[in-house]
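Taking it in order: structure first as structure tokens, then the write-up.
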Amino acid sequence: MDSFSKFTQNVSTSWSPFAEKVGRSLTQYKQLASEKLTNVTTTELPSDYIELESRYEAVRQTHLSLSRLAKAYVTPPAHYDMQTLQHQFNTLTSKINNNKQMEEQVVREVADREATNTYQHGIARASLDVAEKVGLEEPLGAALFKFGSIEEKVGNEKIKQDRVIDSKFIKPLLDTLEGSIAMAQNARKQVAAARLTLDAAKNAFKNATTTRADRVDSARSEVENAEDHFVTVVEEAMKLMRAVVESPENLRHLVAFVNAQLAFHKESAALLGDLAPELEEILVTQEALYRHEQR
């Protein structure tokens, strides 16, 4: 009997917070429905809260947009060379003959190709392939070889840039979204819930003053408690949103992105700057030979 009493006491203790939470949620849903279906007066949020929330939401949306776009920017194009890669993989694996070491080598080689799967590397492979078929002794073959070699180096610089952007821009943005922004989002939900609870308490107090005189003191106390809670969660939400808006990390991530792009374009410009006059020289020579042969 004692154990049964202890069991029922434990159930009652664990059930009470849950029941209280369910009751509070039902009150909030009822208040929300009342606001949507009828023209009732609701508690207004502080003007400084609304202004800060607008700025915060702009920063949050920026994190969402830039992280998504930056991820697309650094993601290797997977469509233009995958058939060739798959064919090479199938050809090589058909020769494995259950040799585990060779299988690992094949996987590693294909992974290396995928790791250099930028547009620049694709252009480089195509150019070098044609250069070999045309012949390096031919002007076009020589030009394509030089062009492909430089494009490969540009592709390597692109990979360096992408790795920096991924580690110093995309990952920090995602960490912020999952950390401080997620906390601020939860705080905003708490504000919305506290506002509904406060307005529900105000309506209950209003009804008590006209129909239930015995409930006036209790209803007034519920309003006061709801007001205190509302003020507390508003202040907490403002603190968390302000931390997101004013954090210098936002600028730090932006600087890292710009520096990564700057390094890539600077190195690419140097490589292409050396290549351009060499190709122009080959062009001039080829034009002279072509005109001579046309005579």
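For the numbers below, each heavy atom of this structure counts, side chains included, while hydrogens, waters and symmetry mates do not.
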| salt bridge (Lys or Arg N to Asp or Glu O under 4.0 Å) assessment of Arg125 paired with Asp129 | CA-CA 6 Å; Arg125 285 193 289 269; Asp129 182 58; over 6 Å; no
| field | Value rounded to 0.5 Å, distance of CD in Glu227 from OG1 in Thr43 | value | 8.0 Å
| note | Val233 and Gln190 have their tightest heavy-atom pair at CG2-O, 4.1 Å
| query | If two hydrophobic side chains count as joined below 4.5 Å and joins carry through other members, does Tyr73 share a cluster with Val255? | reply | no
| query | Side chains of Glu157 and Gln161: do they bring a donor and an acceptor to under 3.5 Å? | reply | no
| field | Value rounded to 0.5 Å, distance of CD1 in Ile150 from CD in Gln120 | value | 12.5 Å
| request: For Glu137, look at atom CD and say whether over 12 heavy atoms of other residues, nucleotides or ligands are found less than 6.0 Å away. | output: yes
| task | With the side chain counted from C-beta on, respond yes when Val234 and Pro46 share a heavy-atom pair under 4.5 Å apart, and no when they do not. | result | yes
| Would Glu151 and Tyr119 satisfy side chain to side chain donor-acceptor pair (under 3.5 Å), going step by step from the backbone distance to the final call? | CA-CA 9 Å; Glu151 281 297 304; Tyr119 285 114; over 6 Å; no
| said: With clusters defined by side-chain heavy atoms of hydrophobic residues (ILVMFWY) lying less than 4.5 Å apart, directly or transitively, does Phe147 cluster with Val154? | reply: yes
| message | Around atom CZ of Phe230, are there more than 12 heavy atoms from other residues, nucleotides or ligands closer than 6.0 Å? | response | yes
| For Tyr56, which of Arg242, Gln185, Gln61 qualifies under side chain to side chain donor-acceptor pair (under 3.5 Å)? | Gln185
| task | Any chance you could measure Arg220, atom CZ, to Glu224, atom CD, to the nearest 0.5 Å? | result | 7.0 Å
| query | Are any non-hydrogen side-chain atoms of Lys171 and Asp175 less than 4.5 angstrom apart? | reply | yes
| task | Write down the atom of Ala201, the atom of Ala226, and the distance for their closest heavy-atom approach. | result | CB-CB, 4.3 Å
| Where is the tightest heavy-atom contact between Ala142 and Leu136, given as atom of each residue plus distance? | CB-O, 3.5 Å
| task | Take Val244 and Leu240 through the test side chain to side chain contact (heavy atoms under 4.5 Å, CB included) and record every step on the way to the result. | result | CA-CA 7 Å; Val244 171; Leu240 292 172; over 6 Å; no
| message | Between Asn225 and Ser221 (side chain of the first, backbone of the second, donor and acceptor by atom type, cut-off under 3.5 Å), is there such a pair? | response | yes
| Interatomic distance, Lys202 atom NZ to Glu222 atom CD [nearest 0.5 angstrom] | 14.0 Å
| said: If hydrophobic clusters are built from ILVMFWY residues whose side chains come within less than 4.5 Å, do Phe169 and Val258 share one? | reply: no
| query | Tell me, do Met241 and Arg188 make a side-chain contact under 4.5 Å, heavy atoms counted? | reply | yes
| query | Going from CG on Asn156 to OG1 on Thr118, what distance comes out if it is rounded to the nearest 0.5 angstrom? | reply | 7.5 Å
| Would you say His253's side chain and Glu249's backbone share a donor-acceptor pair under 3.5 angstrom? | yes
| remark: Taking every heavy atom of Asn117 against every heavy atom of Pro76, the minimum-distance pair comes out as O-CB, 3.3 Å
Output a table of donor-acceptor pairs, distance under 3.5 Å, between side-chain atoms of residues 268-279 and any protein atom two or more places apart or on a different chain; print 'none' if there are none.
residue: Ser268; atom: OG; partner: Phe264; partner atom: O; Å: 2.8
residue: Glu278; atom: OE1; partner: Lys146; partner atom: NZ; Å: 3.1

| query | Would you say Met238 and Val59 are hydrophobically clustered, going by side-chain heavy atoms of ILVMFWY under 4.5 Å? | reply | yes
| field | Flag, side chain of Asn250 to backbone of His63, donor-acceptor distance under 3.5 Å | value | no
| field | Inter-residue atom distance Phe257.CZ - Lys168.NZ, 0.5 Å rounding | value | 14.0 Å
| What is the minimum heavy-atom distance between Ile50 and Leu45, and which atoms define it? | CD1-O, 3.7 Å
| request: Quick one: do Val191 and Glu53 satisfy side chain to side chain contact (heavy atoms under 4.5 Å, CB included)? Show the steps, please. | output: CA-CA 12 Å; Val191 169; Glu53 186 179 42; over 6 Å; no
| Which pairs count as salt bridge (charged side-chain N to carboxylate O under 4.0 Å, His left out) when at least one residue sits in residues 65-75, sequence neighbours excluded? | Lys71-Asp166
| field | Path from Val134 to Ile123 over hydrophobic side-chain contacts below 4.5 Å | value | no
| query | Side chain of Ser167, backbone of Val164: donor and acceptor closer than 3.5 Å? | reply | yes
| Minimal non-hydrogen separation, Gly148 against Ser127, with atom names | CA-CB, 3.9 Å
